[in-house]
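Notes for the one structure printed next.
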Amino acid sequence: MAKSIRDYREMLSAEDIKRILKEHGVDPARENHSMIVYPTVCHNPAHDHSSHKLYYYKKNNMFKCYTECNAVFDIFELIIKMRRNAGEEISLRRAIQICGIENNESIDENEYYGMREQLDYLYEINNSPEDEPTTIKVLSKEVMNRYIFELPYLNPWISEGISPETLIKYNIKFDPVSNAIVIPYYTDDKELVGIRGRFLNPEAKAKYMPMKYNGEYLAHPTSKILFGLDVNKEAIKRLQTVILFEGEKSVMKMDSIYGDNNISVAVSGRNLSKDHLALLTKYGVQNIILAFDRDYKSHKEIEKELNEYMEIFKYAKNFFNVSIIVDYDFVLEHKNSPIEQGKELFEKLMLKRIFL
């Protein structure tokens with residue numbers, strides 16, 4: 001059976017990476033248990049050590065450049081980039097050999113670079129509303145003090161299976177003025193960057209929309225934040241696995257069931273952006289489990305949705321193990337999340353998920 005690029009990549013340890021780059025005259029600037037930081041030799045000459053923004057993540061075997069490249073790539077592509085900087089063009093097969101791996105099997109370079117193009121494309125698509133902010137603005141945490149935490153007001157969610165302890169953990173509150181459950185959004189470093197409301201009035205313009213404060217909507221770029229990552233990052237990091245839900249309630253229902261073993265986050269919709277993927281890489285994710293709502297009503301619609309997911313995620317097999325929860329037996333209510341109807345059904349659906 002022919003090896004994939006990922007198979008070749010996983011043959012190399014962090015020590016191998018250091019050896020390979022040492023042979024090219026490049027030493028690490030610093031290192032810890034999860035990453036190695038290098039000079040940005042992906043677009044600068046090897047002797048130019050002025051910038052140290054090239055990160056190698058040990059759990060994912062991937063590099064991320066945080067300067068001009070702003071790209072994710074593996075050691076083979078880095079070797080190609082470095083040789084190109086020196087005026088030499090080499091093939092992918094040659095880059096693999098330079099890394100000390102003998103490969104006699106054919107390698108489809110068009111497929112490899114096609115995958116890279118798809119990744120870059122996905123990294124640029126956020127599919128955000130036109131009025132959504134494009135930059136993160138940090139809010140004062142004092143803003144949350146204008147809302148209240150009283151369980152009777154939060155009973156609509158408690159009755160759905162979200163525990164009071166979970167509501168406290170995610171700092172969920174209530175705004176009596178607008179009759180809305182208040183959902184704060186934090187970065188993984190716990191900076192408050194947005195506040196959404198679940199408006200309970202039947203005549204509200206929308207069920208979910210940003211809260212307003214001093215005439216300004218407290219919106220945030222959903223493409224840059226994963227709800228719940230600030231709370232669940234240690235479990236995600238420990239298990240190297242993440243479950244992607246659409247909405248915040250699903251993350252909190254997971255918390256009420258699994259507590260400190262909650263490995264879920266919400267993407268606030270159905271779109272996966274470049275910043276979401278970068279965050280997953282940052283925390284060593286190797287396994288992505290897609291657990292979006294059941295929007296389909298027939299097996300034909302399931303197949304259509306699966307084809308769309310496979311198109312989106314086909315590049316990801318070189319970076320992550322990807323699986324998708326699919327309700328072929330239609331045991332979930334239409335529009336429900338896989339966790340919506342409790343632990344037992346969720347775990348049955350998990351066992352039946354499809355691996356890409």
Side-chain angles (χ1 to χ4, degrees), residues 6 9-17 30-37 55-64 72 74 161-163 165-172 184-191 224-268 272-273 275-292 313 316-325 337-339 342-344 346-351 353 355-356:
R6 179 172 183 163
R9 186 186 301 138
E10 290 181 348
M11 291 180 183
L12 300 172
S13 67
E15 291 305 312
D16 291 323
I17 299 297
R30 59 185 183 278
E31 178 180 2
N32 60 30
H33 69 283
S34 62
M35 68 182 69
I36 309 172
V37 181
Y55 284 63
Y56 174 75
Y57 293 100
K58 296 178 181 178
K59 288 185 178 179
N60 294 80
N61 309 109
M62 300 300 293
F63 289 89
K64 165 69 176 176
V72 178
D74 59 23
I162 300 174
S163 71
E165 293 76 16
T166 293
L167 294 171
I168 293 170
K169 185 185 294 187
Y170 290 83
N171 201 24
I172 304 301
Y185 266 73
Y186 297 92
T187 67
D188 56 316
D189 294 323
K190 298 190 179 296
E191 295 281 5
K224 296 180 182 294
I225 302 295
L226 289 167
F227 177 85
L229 185 59
D230 60 308
V231 178
N232 300 326
K233 61 186 180 183
E234 292 305 320
I236 290 169
K237 191 173 172 182
R238 172 165 43 88
L239 298 176
Q240 302 174 23
T241 302
V242 68
I243 298 172
L244 299 180
F245 288 117
E246 289 186 36
E248 308 96 342
K249 283 167 61 179
S250 297
V251 174
M252 289 185 277
K253 287 182 180 182
M254 280 284 291
D255 185 272
S256 298
I257 295 171
Y258 295 100
D260 291 340
N261 290 319
N262 184 5
I263 55 171
S264 69
V265 296
V267 300
S268 302
L272 193 62
S273 76
D275 297 291
H276 292 154
L277 293 174
L279 284 168
L280 298 182
T281 301
K282 178 179 177 181
Y283 287 99
V285 169
Q286 295 198 17
N287 308 296
I288 294 176
I289 301 170
L290 192 67
F292 284 176
F313 283 104
K317 290 182 285 185
N318 288 283
F319 298 90
F320 308 100
N321 301 308
V322 181
S323 58
I324 302 171
I325 292 179
S337 154
I339 193 65
K343 178 180 180 181
E344 183 178 352
F346 174 73
E347 293 184 352
K348 285 181 180 178
L349 291 169
M350 282 281 286
L351 290 173
R353 69 189 189 274
F355 289 82
L356 296 189

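Quick caveat: nothing in here was measured; it's all calculated off a predicted structure.
Contact annotation: the side chain of V267 never approaches that of F227 to less than 4.5 Å [non-hydrogen atoms, C-beta and beyond]. No side-chain heavy atom of V231 sits under 4.5 Å from any side-chain heavy atom of Y186. Considering only heavy atoms from C-beta on, E246 comes within 4.5 Å of F292 through its side chain. Considering only heavy atoms from C-beta on, K58 comes within 4.5 Å of E31 through its side chain. Two residues are said to be in side-chain contact when any heavy atoms from C-beta on lie closer than 4.5 Å; I236 and L229 meet this criterion. Looking at L244 and V265, their side chains come closer than 4.5 Å, going by heavy atoms from C-beta outward.
Listed for the K64 side chain is no donor-acceptor partner under 3.5 Å among the backbone atoms of A278. Listed for the S163 side chain is no donor-acceptor partner under 3.5 Å among the backbone atoms of S256.
Partners of D260 according to the side-chain hydrogen bond (donor to acceptor under 3.5 Å, both in side chains) rule, which considers only residues two or more places apart in sequence or in another chain, do not exist here. Under the rule for a salt bridge (Lys or Arg N to Asp or Glu O under 4.0 Å), the partners of E15 that lie at least two apart in sequence or sit in another chain are K18. Here A291 pairs with I243, F245, I325, P338 under the side-chain contact (heavy atoms from CB on, under 4.5 Å) rule; sequence neighbours left out. In this structure, the side-chain contact (heavy atoms from CB on, under 4.5 Å) partners of E347, at least two apart in sequence or on a different chain, are Y258, K343. With sequence neighbours excluded, the residues that form a salt bridge (Lys or Arg N to Asp or Glu O under 4.0 Å) with K249 are E160. For N262, the side-chain contact (heavy atoms from CB on, under 4.5 Å) partners are Y170, N232, V251, M254, D255, S264, not counting sequence neighbours. E344 pairs by the side-chain contact (heavy atoms from CB on, under 4.5 Å) definition with K348, not counting sequence neighbours. With sequence neighbours excluded, no residue forms a side-chain hydrogen bond (donor to acceptor under 3.5 Å, both in side chains) with D230. For E234, there are no side-chain hydrogen bond (donor to acceptor under 3.5 Å, both in side chains) partners, not counting sequence neighbours. Among residues two or more places apart in sequence or in another chain, the side-chain hydrogen bond (donor to acceptor under 3.5 Å, both in side chains) test is passed with K237 by none. With sequence neighbours excluded, the residues that form a ring pair (Phe, Tyr, Trp, His ring centres under 6.0 Å) with Y55 are Y66.
With values rounded to the nearest 0.5 angstrom, I162 atom CD1 is found 10.0 Å from I257 atom CD1. The CD atom of Q286 sits 9.5 Å away from the CZ atom of F320 when rounded to the nearest 0.5 Å. With values rounded to the nearest 0.5 angstrom, M11 atom CE is found 11.5 Å from D16 atom CG. Rounded to the nearest 0.5 angstrom, I324 CD1 and L349 CG are separated by 13.5 Å. Between atom CG of residue N61 and atom CD1 of residue I17 there is a gap of 7.0 Å, rounded to the nearest 0.5 Å. Between the CG atom of L280 and the CG atom of N287 there is a distance of 11.0 Å, given to the nearest 0.5 Å.
The two residues Y57 and T281 have their closest heavy-atom pair at CD1-CG2, 3.8 Å. Heavy-atom minimum distance, K233 versus D188: NZ-O, 2.7 Å.
Screening E248, E191, K224 for a side chain to side chain donor-acceptor pair (under 3.5 Å) involving Y185 leaves a single residue, E248.
Salt-bridge check for R9 with D74: passed, with a basic side-chain N closer than 4.0 Å to an acidic carboxylate O.
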